[in-house]
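A short worksheet on the structure shown next.
The basis for the numbers below is simple: all heavy atoms, side chains too, and nothing from hydrogens, waters or symmetry mates.
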Amino acid sequence: NITITEPNQVNISTSFTEPSCHGGSNGSISLNVSGATAPYQYSIDGGITWQISNTFNALAAGTYTIQIEDDNGCSYSTSETITQPTQINITTSFNEPSCFGFSDGAISLNVSGATTPYQYSIDGGTTWQNSNTFNTLTAGTYTIDIKDNNNCSDNINITITEPNQVNISTSFTEPSC
(Lines give C-alpha, C1' and ligand atoms only; values in the text may rest on other atoms or scores of the structure.)
Protein backbone atom coordinates (compact mmCIF):
# COMPACT_ATOMS: atom_id res chain seq x y z
CA ASN A 1 0.00 0.00 0.00
CA ILE A 2 1.17 3.46 -0.87
CA THR A 3 -0.36 6.47 0.83
CA ILE A 4 0.06 9.80 -0.81
CA THR A 5 -0.54 12.78 1.38
CA GLU A 6 -0.85 16.30 0.24
CA PRO A 7 0.42 19.32 2.14
CA ASN A 8 -1.96 21.24 4.33
CA GLN A 9 -3.77 24.14 2.78
CA VAL A 10 -1.75 27.34 2.86
CA ASN A 11 -2.89 30.09 5.22
CA ILE A 12 -1.63 33.61 4.63
CA SER A 13 -2.21 36.65 6.79
CA THR A 14 -0.63 40.06 6.34
CA SER A 15 -0.12 43.19 8.38
CA PHE A 16 1.39 46.54 7.54
CA THR A 17 2.99 49.54 9.16
CA GLU A 18 2.25 52.96 7.67
CA PRO A 19 5.06 55.26 6.60
CA SER A 20 5.66 57.70 9.43
CA CYS A 21 4.94 60.75 7.24
CA HIS A 22 2.60 61.50 4.34
CA GLY A 23 4.51 60.68 1.15
CA GLY A 24 7.18 58.77 3.10
CA SER A 25 8.63 55.39 2.19
CA ASN A 26 9.40 53.74 5.51
CA GLY A 27 6.30 51.52 5.67
CA SER A 28 6.42 47.75 5.80
CA ILE A 29 4.42 44.59 5.12
CA SER A 30 4.81 41.40 7.14
CA LEU A 31 3.36 38.03 6.21
CA ASN A 32 2.48 35.08 8.38
CA VAL A 33 2.36 31.91 6.29
CA SER A 34 1.51 28.42 7.46
CA GLY A 35 0.52 25.20 5.74
CA ALA A 36 1.80 24.08 2.35
CA THR A 37 5.45 22.95 2.61
CA ALA A 38 7.89 25.19 4.44
CA PRO A 39 10.29 26.90 3.98
CA TYR A 40 8.82 29.73 1.95
CA GLN A 41 10.26 32.49 -0.20
CA TYR A 42 8.63 35.80 -0.99
CA SER A 43 8.60 38.27 -3.88
CA ILE A 44 7.05 41.74 -4.06
CA ASP A 45 8.22 42.58 -7.58
CA GLY A 46 6.35 40.02 -9.65
CA GLY A 47 8.84 37.18 -9.08
CA ILE A 48 11.93 39.02 -10.32
CA THR A 49 13.66 38.80 -6.95
CA TRP A 50 12.96 36.50 -4.03
CA GLN A 51 13.80 36.65 -0.34
CA ILE A 52 13.44 34.33 2.63
CA SER A 53 12.39 37.13 4.99
CA ASN A 54 8.63 37.49 5.41
CA THR A 55 8.91 41.27 5.85
CA PHE A 56 9.26 43.92 3.17
CA ASN A 57 10.57 47.31 4.35
CA ALA A 58 11.05 50.77 2.85
CA LEU A 59 7.59 50.84 1.27
CA ALA A 60 5.45 53.84 0.37
CA ALA A 61 1.66 53.88 0.59
CA GLY A 62 0.01 51.75 -2.08
CA THR A 63 -1.27 48.28 -2.89
CA TYR A 64 1.28 45.49 -3.17
CA THR A 65 0.90 41.94 -4.47
CA ILE A 66 3.24 39.49 -2.77
CA GLN A 67 4.01 36.11 -4.24
CA ILE A 68 4.84 33.20 -1.94
CA GLU A 69 6.51 30.02 -3.09
CA ASP A 70 6.78 26.95 -0.88
CA ASP A 71 9.50 24.28 -0.87
CA ASN A 72 7.60 22.22 -3.48
CA GLY A 73 7.50 25.16 -5.90
CA CYS A 74 3.80 25.79 -5.34
CA SER A 75 2.93 29.46 -5.75
CA TYR A 76 0.45 31.59 -3.86
CA SER A 77 -0.22 35.30 -3.76
CA THR A 78 -1.84 37.89 -1.56
CA SER A 79 -2.31 41.63 -1.66
CA GLU A 80 -1.95 44.26 1.04
CA THR A 81 -2.67 47.97 0.92
CA ILE A 82 -0.49 50.30 2.96
CA THR A 83 -2.19 53.51 4.02
CA GLN A 84 -0.43 56.68 5.14
CA PRO A 85 -1.00 59.53 7.57
CA THR A 86 -2.76 62.57 6.16
CA GLN A 87 -0.81 65.67 5.28
CA ILE A 88 -0.27 68.44 7.80
CA ASN A 89 -2.89 71.15 7.16
CA ILE A 90 -2.29 74.62 8.55
CA THR A 91 -4.47 77.69 8.80
CA THR A 92 -3.35 80.85 10.56
CA SER A 93 -4.64 84.06 12.00
CA PHE A 94 -2.91 87.03 13.56
CA ASN A 95 -3.58 90.04 15.72
CA GLU A 96 -1.61 93.07 14.68
CA PRO A 97 0.17 95.18 17.28
CA SER A 98 -2.14 97.69 18.92
CA CYS A 99 -0.05 100.65 17.79
CA PHE A 100 2.64 101.36 15.24
CA GLY A 101 5.98 99.99 16.50
CA PHE A 102 4.48 98.04 19.42
CA SER A 103 5.32 94.39 20.12
CA ASP A 104 1.96 93.06 21.28
CA GLY A 105 0.98 91.21 18.08
CA ALA A 106 0.19 87.49 18.00
CA ILE A 107 0.02 84.55 15.59
CA SER A 108 -2.30 81.56 16.13
CA LEU A 109 -2.19 78.36 14.11
CA ASN A 110 -4.87 75.75 13.58
CA VAL A 111 -3.21 72.47 12.57
CA SER A 112 -4.84 69.18 11.55
CA GLY A 113 -3.79 65.97 9.86
CA ALA A 114 -0.61 63.94 10.30
CA THR A 115 -0.07 62.46 13.78
CA THR A 116 -0.87 64.51 16.88
CA PRO A 117 0.38 66.09 19.06
CA TYR A 118 2.12 68.97 17.28
CA GLN A 119 4.98 71.23 18.27
CA TYR A 120 5.69 74.73 16.96
CA SER A 121 8.83 76.80 16.44
CA ILE A 122 9.25 80.44 15.40
CA ASP A 123 13.07 80.47 15.50
CA GLY A 124 13.96 77.97 12.79
CA GLY A 125 13.61 74.91 15.01
CA THR A 126 16.00 75.99 17.76
CA THR A 127 13.24 75.88 20.37
CA TRP A 128 9.86 74.16 20.23
CA GLN A 129 6.65 74.75 22.16
CA ASN A 130 3.36 72.89 22.54
CA SER A 131 1.28 76.06 22.29
CA ASN A 132 -0.03 77.00 18.86
CA THR A 133 0.11 80.74 19.69
CA PHE A 134 3.05 83.14 19.59
CA ASN A 135 2.69 86.42 21.46
CA THR A 136 4.64 89.68 21.91
CA LEU A 137 5.38 89.99 18.20
CA THR A 138 6.16 93.08 16.18
CA ALA A 139 5.04 93.63 12.61
CA GLY A 140 6.97 91.51 10.13
CA THR A 141 7.11 88.17 8.34
CA TYR A 142 7.56 85.03 10.42
CA THR A 143 8.23 81.43 9.40
CA ILE A 144 6.51 79.00 11.73
CA ASP A 145 7.74 75.38 11.69
CA ILE A 146 5.35 72.62 12.71
CA LYS A 147 6.25 69.02 13.48
CA ASP A 148 4.01 66.15 14.43
CA ASN A 149 4.54 63.22 16.78
CA ASN A 150 6.50 61.35 14.06
CA ASN A 151 8.77 64.36 13.39
CA CYS A 152 7.03 65.01 10.08
CA SER A 153 7.31 68.71 9.41
CA ASP A 154 5.90 71.59 7.47
CA ASN A 155 6.15 75.35 7.73
CA ILE A 156 4.20 78.44 6.84
CA ASN A 157 5.09 82.09 6.40
CA ILE A 158 2.78 84.66 7.91
CA THR A 159 3.06 88.41 7.81
CA ILE A 160 1.79 90.52 10.68
CA THR A 161 0.78 94.00 9.64
CA GLU A 162 0.54 96.99 11.95
CA PRO A 163 -1.51 100.15 12.13
CA ASN A 164 -0.21 103.11 10.17
CA GLN A 165 2.11 105.46 11.91
CA VAL A 166 0.43 108.63 13.01
CA ASN A 167 2.09 111.51 11.23
CA ILE A 168 1.65 114.90 12.76
CA SER A 169 2.71 117.95 10.92
CA THR A 170 2.60 121.31 12.49
CA SER A 171 3.01 124.75 11.19
CA PHE A 172 2.97 128.02 12.89
CA THR A 173 2.52 131.51 11.82
CA GLU A 174 4.74 134.04 13.45
CA PRO A 175 2.74 136.87 14.89
CA SER A 176 3.33 140.18 13.29
CA CYS A 177 4.12 143.06 15.56
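Between atom OG of residue Ser131 and atom CG of residue Leu109 there is a gap of 9.0 Å, rounded to the nearest 0.5 Å. Rounded to the nearest 0.5 Å, atoms CG (Asp148) and OG (Ser153) are 8.5 Å apart. With values rounded to the nearest 0.5 angstrom, Trp50 atom CH2 is found 9.0 Å from Asp45 atom CG. Interatomic distance, Ile66 CD1 to Glu80 CD, rounded to the nearest 0.5 Å: 7.0 Å. Note that CD of Gln165 and SG of Cys99 are 11.5 Å apart. Values are rounded to the nearest 0.5 Å.
The backbone N or O of Phe100 lies less than 3.5 Å from no partner atom in the side chain of Glu96, so there is not a single donor-acceptor pair. Proximity of a side-chain donor or acceptor of Glu162 to a complementary backbone N or O of Gly101 within less than 3.5 Å is detected. Counting only distance, with no hydrogens or angles, the side chain of Asn26 and the backbone of Ser20 share a donor-acceptor pair below 3.5 Å. Panel note: side chain His22, backbone Thr86; no donor-acceptor pair is recorded below 3.5 Å. Proximity of a side-chain donor or acceptor of Ser25 to a complementary backbone N or O of Leu59 within less than 3.5 Å is not detected. Between the side chain of Asp70 and the backbone N or O of Asn72 there is at least one donor-acceptor pair closer than 3.5 Å. Proximity of a side-chain donor or acceptor of Thr81 to a complementary backbone N or O of Gly62 within less than 3.5 Å is not detected. No donor-acceptor distance shorter than 3.5 angstrom exists from the side chain of Asn155 to the backbone of Asp145, with no hydrogens or angles considered.
Annotation for Gln84 and Gly23: closest pair OE1-N, 2.7 Å, computed over non-hydrogen atoms. What you find for Thr65 and Ser79 is that their closest heavy atoms are OG1-OG, 3.2 Å. Closest heavy-atom contact between Ile160 and Pro97: CG2-CD, 3.6 Å. Nearest approach of Pro85 to Ala114, heavy atoms of both residues: CB-CA, 4.4 Å. For the pair Asp123 and Thr126, the tightest heavy-atom approach, listed with the atom from each and the gap, is OD1-N, 3.0 Å. Minimum interatomic distance between Ile146 and Ile144 (heavy atoms only, all atoms of both residues): CD1-O, 3.7 Å.
Side chains of Asn150 and Thr115: a donor-acceptor N/O pair is present below 3.5 angstrom, by distance only. Thr83 and Glu18 share a side-chain donor-acceptor pair at under 3.5 Å. Counted by atom type alone, Thr55 and Ser30 present one or more donor-acceptor pairs between their side chains at under 3.5 Å. With no hydrogens or angles considered, no side-chain donor-acceptor pair links Ser93 and Ser108 at under 3.5 Å. Using modelled atom types, one finds a donor on one side chain and an acceptor on the other under 3.5 Å when comparing Ser98 with Asp104. In this model, no donor atom of one side chain and acceptor atom of the other lie less than 3.5 Å apart for Thr138 and Ser103.
Note on Ile158: it does not cluster hydrophobically with Phe102, by side-chain heavy-atom contacts below 4.5 Å among ILVMFWY residues.
Looking at heavy atoms from C-beta onward, Ile52 lies out of side-chain contact with Tyr40 at the 4.5 angstrom threshold. Residues Ile29 and Ile82 form a side-chain contact, since some pair of their non-hydrogen atoms from C-beta on lies under 4.5 Å apart. Residues Trp128 and Lys147 meet the side-chain proximity criterion, which asks for heavy atoms closer than 4.5 Å. Thr92 places none of its side-chain heavy atoms less than 4.5 Å from the side chain of Asn110. Using a 4.5 Å heavy-atom threshold, the side chains of Tyr76 and Glu69 count as separate. The closest side-chain heavy-atom distance from Val33 to Asn11 is not below 4.5 Å. Using a 4.5 Å heavy-atom cutoff, the side chains of Asn132 and Tyr118 are not in contact. For the pair Gln119/Asn130, a side-chain contact is recorded, criterion being any heavy-atom separation below 4.5 Å from C-beta on.
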(message) Applying side chain to side chain donor-acceptor pair (under 3.5 Å) to Thr78 and Thr14, what does each step give before you reach the verdict?
(response) CA-CA 8 Å; Thr78 188; Thr14 61; 5.0 Å; no
(request) Step by step, work out the side chain to side chain contact (heavy atoms under 4.5 Å, CB included) result for Tyr120 and Phe134. (result) CA-CA 9 Å; Tyr120 309 88; Phe134 295 91; 3.7 Å; yes
(message) Would Thr91 and Ile156 count as a side chain to side chain contact (heavy atoms under 4.5 Å, CB included) here? Give the steps.
(response) CA-CA 9 Å; Thr91 56; Ile156 190 163; over 6 Å; no
(message) Applying side chain to side chain contact (heavy atoms under 4.5 Å, CB included) to Asn54 and Ile68, what does each step give before you reach the verdict?
(response) CA-CA 9 Å; Asn54 65 335; Ile68 302 113; over 6 Å; no
(request) Please assess Phe94 against Thr159 for the test side chain to side chain contact (heavy atoms under 4.5 Å, CB included), listing each intermediate value before the final yes or no. (result) CA-CA 8 Å; Phe94 70 88; Thr159 300; over 6 Å; no
